[in-house]
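Quick note on labels: first sequence line is chain A, next is B, and so on, each numbered from 1.
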Number of protein chains: 2
Amino acid sequence: MVKYVGPSLDATFSALADPTRRAIVARLGEADPSRGVSVGELAEPFDISPPAISKHLRVLEHAGMLTQQRDGRVRRCRLDPKPINEASQWIEHHRQFWNHQLDALAGFLENAGGDDAGFGIDSNGPGEEGGP
Amino acid sequence: MVKYVGPSLDATFSALADPTRRAIVARLGEADPSRGVSVGELAEPFDISPPAISKHLRVLEHAGMLTQQRDGRVRRCRLDPKPINEASQWIEHHRQFWNHQLDALAGFLENAGGDDAGFGIDSNGPGEEGGP
DNA sequence: CATACACTTAACCATATGGTTAAGTATGTA
DNA sequence: TACATACTTAACCATATGGTTAAGTGTATG
């Protein structure tokens, strides 16, 4: 009945919900993928302990967003963009509906004269900035 | 030092991390925004208790994604797409980097002959399906 | 006015999350 | 071989999350 997409979206959005992990993801995205980024380099901007970083990396790894490989005694991390692409697809898919709905709502408010429906909807800026 | 974007991205991604909440968001997106969707209608597809639904709605509300208004004894819910648009922007912004990186990696693998670097990267499908 | 309806709030429970310190493991180096 | 480096694992703690049942709260209706 309820369309269940699978555990990956859960894991991906959950992974992105933490600012430390988003910063890690951002850093990985900016890095040279042939080199990867060592765990130490990833940890450097934060003043949390190595185990905390290790846990964050495991969360990202469990979500399929990060792969590690040993290179001597450092571990080089790289992004796998597939899960985030799926998350992006989910959002973009539904944004189609939302944008449609906002149009419909705008029409409705116009017909109602804006008096009967004080909804406080603001169909502002970013609605189209990232979209097709 | 670490660019802190604010609590809203945390709350938005966290809200989207739960399948029940994603289904609620999807349902709200498909609904007529002039009508809204009552809490009971939202709860109907799930076999969890009303308080559980109420909590999910509060999470969405706290993330700024949902607004409620009383209409008699029902509460009509509507989406506010702004937070999800911001989340979408975050993802799309970083996807630019990732796509760039994947290109760079492809070049690297080509130069390396694909033997020295068994990275297991799959630069597959959805990378461009949702984008502009 | 009394009762049913559509919820929410309160209290509670189990598990997950994000952090810590302490101890272990694997690799490079003196 | 011994030691330092770069982590991870284990154990623990506080708080958050997702669920429950029981008890409110506000509104329609007999």
Worksheet item: Under the side chain to side chain contact (heavy atoms under 4.5 Å, CB included) criterion, do A/W90 and A/T12 qualify, and how do the steps go?
Response: CA-CA 11 Å; A/W90 189 92; A/T12 304; over 6 Å; no

| Between A/R22 and B/D10, is a side chain to side chain contact (heavy atoms under 4.5 Å, CB included) present by the stated rule, with each step listed? | CA-CA 9 Å; A/R22 278 200 307 279; B/D10 288 35; 2.6 Å; yes

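Checked for salt-bridge contact, B/E41 and B/R75 miss the test: no charged N lies under 4.0 Å from a carboxylate O. Between B/E61 and B/R58 there is no salt bridge, since none of the side-chain N atoms of the basic residue sits less than 4.0 Å from a carboxylate O of the acidic one. Look at B/E30 and B/R27 and you find no salt bridge, because none of the NZ, NE, NH1 or NH2 atoms lies under 4.0 Å from a carboxylate O.
To the nearest angstrom, P of C/dC7 lies 11 Å from CG of B/D71. If you measure from atom NZ of B/K55 to atom P of C/dT8, you get 13 Å, rounded to the nearest angstrom. Atom CG of B/L66 is separated from atom P of C/dC7 by 13 Å (rounded to the nearest Å).
Residue B/Q68 is classed as a sugar-phosphate contact, given heavy-atom separations below 4.0 Å to backbone atoms only. Within 4.0 Å (heavy atoms only), A/R21 reaches sugar-phosphate atoms of the nucleic acid but no base atom.
Nearest-nucleotide mapping onto DNA chain C: of B/R76 and A/R70, the residue sitting toward the 5' end is B/R76. When the nearest nucleotides of DNA chain C are assigned to A/V59 and B/S54 by heavy-atom distance, the more 5′-ward of the two goes with B/S54. Annotation: of the two residues near DNA chain D, A/P50 and A/R73, the 5′-most nearest-nucleotide partner is A/R73.
Hydrophobic cluster membership differs between B/V59 and A/L16, with clusters built from Ile, Leu, Val, Met, Phe, Trp and Tyr side chains linked at under 4.5 angstrom.
Interface limits on DNA chain D: the 5'-most and 3'-most nucleotides within less than 4.0 Å of chain A heavy atoms are D/dA4 to D/dT9.
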